[in-house]
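Treat the numbers as computed from the prediction; the structure is a model and nothing was measured. Just so you know, these numbers use all the heavy atoms, side chains as well, and skip hydrogens, waters and symmetry mates. We count ligands from 1, going down the list as the structure has it; atoms in each ligand are counted the same way.
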Amino acid sequence: MNILLTGGTGYIGSHTAATLVAAGHRVILYDNLCNSQASVADRLQTITGHALPLVVGDIRDTALLSKTLTTHQIEAVIHFAGLKAVGDSVKDPVTYFDNNVGGTISLLQAMKAVGIKTLVFSSSATVYGVPHYLPYDEKHPTGAINPYGRSKLHVEELLSDLAHADAGWRIACLRYFNPVGAHDSGLIGEDPSGIPNNLMPYVARVASKALPQLTIFGSDYDTPDGTGVRDYVHVMDLAEGHLAALISLSKGDSPIRYTNLGTGIGISVLQLVDAFQRASGQTVPHILAARRPGDLPAYYADVAKAKAELGWTAKRTLEDMCESTWHFQVTSRHANK
Ligand code: NAD
Ligand code: UDP
């Protein structure tokens with residue numbers, strides 16, 4: 001299949017590209033490089049042995065998207081492109097809605113114009129908001145608590161309306177939990193510029209001594225050790241989840257589906273720090289501090305639907321997540337010297 005990956009040079013897009021090419025698909029990357037680098041395409045060539053075309057463009061450029069869809073005879077789109085920093089979305093909601101919602105509208109217009117109706121959308125567990133119960137299953141009420149989450153929810157609602165208007169569409173909304181880890185090659189991974197917001201890249205930089213210590217946000221939550229609990233899922237498992245979603249869309253007769261992609265296991269900040277120290281052989285100095293505003297104490301996925309409908313289950317362990325993150329941290333540090 002010829003598959004367009006918007007946001008294809010980003011963290012999850014690049015790992016999914018590697019998995020799709022290994023499964024025999026032809027992948028075209030489309031990215032405006034606002035949060036990634038063109039060199040990712042070269043690294044993917046080293047990993048896969050195939051040159052992956054990269055179109056540098058914005059998803060809000062509907063004409064360029066339509067041309068790309070036609071030129072490369074695209075049959076399905078996986079839509080990763082988007083902005084994802086919750087704090088920035090609070091400060092600048094207009095930019096977030098323009099990029100995430102406006103960008104998706106532009107993509108759908110381009111797909112409609114050329115008659116492509118197969119779409120996998122990068123949604124997020126943040127659409128659920130404050131837990132009414134745990135684990136979150138897909139029937140849990142939605143209620144995002146920040147502009148980033150609401151931008152994802154708006155897109156899900158738009159896609160739902162579209163699927164009801166035209167039953168010819170095949171849409172998978174994949175609600176990711178906390179993606180971490182890196183490709184075994186150490187050539188691609190999560191490499192945020194500046195100080196990382198997310199736990200795993202922050203821990204990796206402390207372990208490599210690029211940052212002095214980790215600040216643990218909150219140690220008085222109602223969780224087993226008082227620190228926040230999340231469902232960390234290996235990015236290569238997530239990548240395989242996209243392949244499974246595409247296969248299931250081609251077989252299914254439902255125009256739209258919503259599926260959690262997580263492990264179903266809640267891990268605390270202290271558990272993750274401990275696992276990382278063991279995997280890396282490094283110490284991760286840390287201090288306990290106040291809660292981060294807007295953080296939820298704990299959430300994790302019910303993964304039964306992913307298993308039943310996609311035949312997909314996360315296979316990799318917390319140890320695998322930490323080891324691959326550390327391998328990427330060490331490899332990328334040498335590559336950048
Ligand atoms: P990322 O920032 O690494 O990748 C996103 C890519 O999209 C980047 O390469 C960026 O340059 C590109 N992009 C952004 N706006 C664009 C635009 N207007 N036109 C073209 N390209 C554009 O992020 P990621 O972690 O790979 O996330 C991919 C998707 O998954 C995002 O939509 C994100 O919201 C969603 N998601 C991520 C997480 C997570 O924790 N990483 C969790 C849930 C959902
Ligand atoms: N966290 C932390 N210190 C950091 C970054 C994150 O203690 O420097 C905690 C955060 O409070 C949460 C967990 O780690 O309990 C996961 O945070 P992350 O930002 O990675 O994911 P999210 O909160 O978006 O699920």
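For atom 24 (O) of ligand 2, the nearest non-hydrogen atom of the protein is Asn198 ND2, 4.2 Å. At the top of the distance list for atom 3 (N) of ligand 2, counting protein heavy atoms only, stands Thr215 O, 2.8 Å. Annotation: atom 19 (O) of ligand 2 to nearest protein heavy atom, Arg292 NH2, 2.8 Å. The shortest contact between atom 9 (C) of ligand 2 and any protein heavy atom is with Val269 CG2, 3.7 Å. Residue, atom and distance of the protein heavy atom nearest to atom 15 (O) of ligand 2 are Gly228 CA, 3.6 Å. Tyr232 OH, 3.6 Å is the protein heavy atom nearest to atom 13 (C) of ligand 2. Counting protein heavy atoms only, atom 25 (O) of ligand 2 is closest to Arg230 NE, 2.8 Å. Summary of contacts: the protein heavy atom closest to atom 10 (C) of ligand 2 is Asp295 OD2, 3.4 Å.
Ring orientation note: the planes of Tyr136 and Phe177 are tilted relative to one another, at an angle of 30° to 60°. Classified by interplanar angle (parallel below 30°, tilted 30° to 60°, perpendicular above 60°), the ring pair His15/His183 is tilted.
Every atom of ligand 2 is numbered from 1 in the order shown, and the set under 4.0 Å from a heavy atom of Asn197 is 5 (C), 19 (O).
Comparing heavy-atom distances from atom 1 (P) of ligand 1 across Asn35, Ile78, Thr6, Asp61 singles out Asn35 as nearest. For atom 8 (C) of ligand 1, the candidate residues are Leu33, Asp31, Leu83; the nearest heavy-atom contact is made by Asp31. Among Tyr176, Phe121, Tyr148, the residue whose heavy atom lies nearest to atom 34 (O) of ligand 1 is Tyr148. When Pro192, Gly10, Pro179 are checked for heavy-atom proximity to atom 42 (C) of ligand 1, Pro179 turns out nearest. When Val55, Leu261, Asn99, Leu5 are ranked by how near their heavy atoms come to atom 15 (N) of ligand 1, first place goes to Asn99. The closest heavy-atom contact to atom 43 (C) of ligand 1, among the options Gly149, Ser151, Ser124, comes from Ser124.
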Quiz item: side chain to side chain donor-acceptor pair (under 3.5 Å) between Ser122 and Tyr176: does it pass, once the steps are laid out?
Solution: CA-CA 7 Å; Ser122 294; Tyr176 312 153; 2.7 Å; yes
Exercise. Output, in order, the C-alpha distance, side-chain angles, deciding distance and verdict of salt bridge (charged side-chain N to carboxylate O under 4.0 Å, His left out) for Asp302 and Lys307.
Key: CA-CA 10 Å; Asp302 183 320; Lys307 189 171 183 192; over 6 Å; no
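Taking a 4.0 Å cut-off on heavy atoms, Ala125 fails to register as neighbouring ligand 1. Heavy atoms of Gly57 approach ligand 1 to within less than 4.0 angstrom. In this structure, Tyr299 counts as a contact residue of ligand 2, since one of its heavy atoms falls inside 4.0 Å of the ligand.
Polar contact with ligand 2: absent for Tyr202 (N/O pair, distance under 3.5 Å). At least one N or O atom of Cys34 sits closer than 3.5 Å to an N or O atom of ligand 1. In terms of N/O distances under 3.5 Å, ligand 2 is approached by Phe217. Considering backbone and side-chain atoms alike, Ala81 places every N or O at 3.5 Å or more from each N or O of ligand 1. Checking only distances, Ile216 never comes within under 3.5 Å of ligand 2, N or O to N or O.
Looking at Lys152 against ligand 1, only its side chain comes within 4.0 Å, counting heavy atoms. Looking at Glu190 against ligand 1, nothing comes within 4.0 Å, counting heavy atoms. Under 4.0 angstrom from ligand 2, the non-hydrogen atoms of Leu214 all belong to its side chain. At a 4.0 Å heavy-atom cut-off, ligand 2 does not touch Thr227 at all.
Of the N and O atoms on the side chains of Ser324 and His234, at least one donor lies less than 3.5 Å from an acceptor on the other residue. Using modelled atom types and a 3.5 Å distance limit, the side chains of Tyr128 and Arg175 yield a donor-acceptor pair. Between the side chains of Ser268 and Asp225, at least one donor N or O sits under 3.5 Å from an acceptor N or O. Judged purely by distance below 3.5 Å, without hydrogens or angles, the side chains of Thr317 and Asp320 pair a donor atom with an acceptor atom.
Under the side chain to side chain donor-acceptor pair (under 3.5 Å) rule, Thr9 has a single partner from Asp31, Asn35, Asn32, which is Asp31. With Ile12 as reference, Leu238 is the one residue of Leu238, Leu174, Leu5 to meet the side chain to side chain contact (heavy atoms under 4.5 Å, CB included) rule.
When every heavy atom of Val27 is checked against every heavy atom of Ala17, the shortest pair comes out as CG1-CB, 4.0 Å. Counting all heavy atoms, side chain and backbone alike, Ser123 lies closest to Glu156 at OG-OE2, 2.6 Å.
Looking at heavy atoms from C-beta onward, Lys117 lies out of side-chain contact with Met111 at the 4.5 angstrom threshold.
More than 12 heavy atoms of other shown residues, nucleotides or ligands fall within 6.0 angstrom of atom NZ in Lys305.
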All N/O donor-acceptor pairs, side-chain side in residues 74-84, below 3.5 Å, sequence neighbours left out:
residue, atom, partner, partner atom, Å
Glu75, OE1, Asn2, N, 2.7
His79, ND1, Thr6, OG1, 2.7
His79, NE2, Thr104, OG1, 3.0

Compile the donor-acceptor pairs under 3.5 Å between side chains in residues 244-251 and protein atoms, sequence neighbours left out, one pair per line.
residue, atom, partner, partner atom, Å
Ser248, OG, Arg257, NH1, 2.8
Ser250, OG, Ile247, O, 2.7

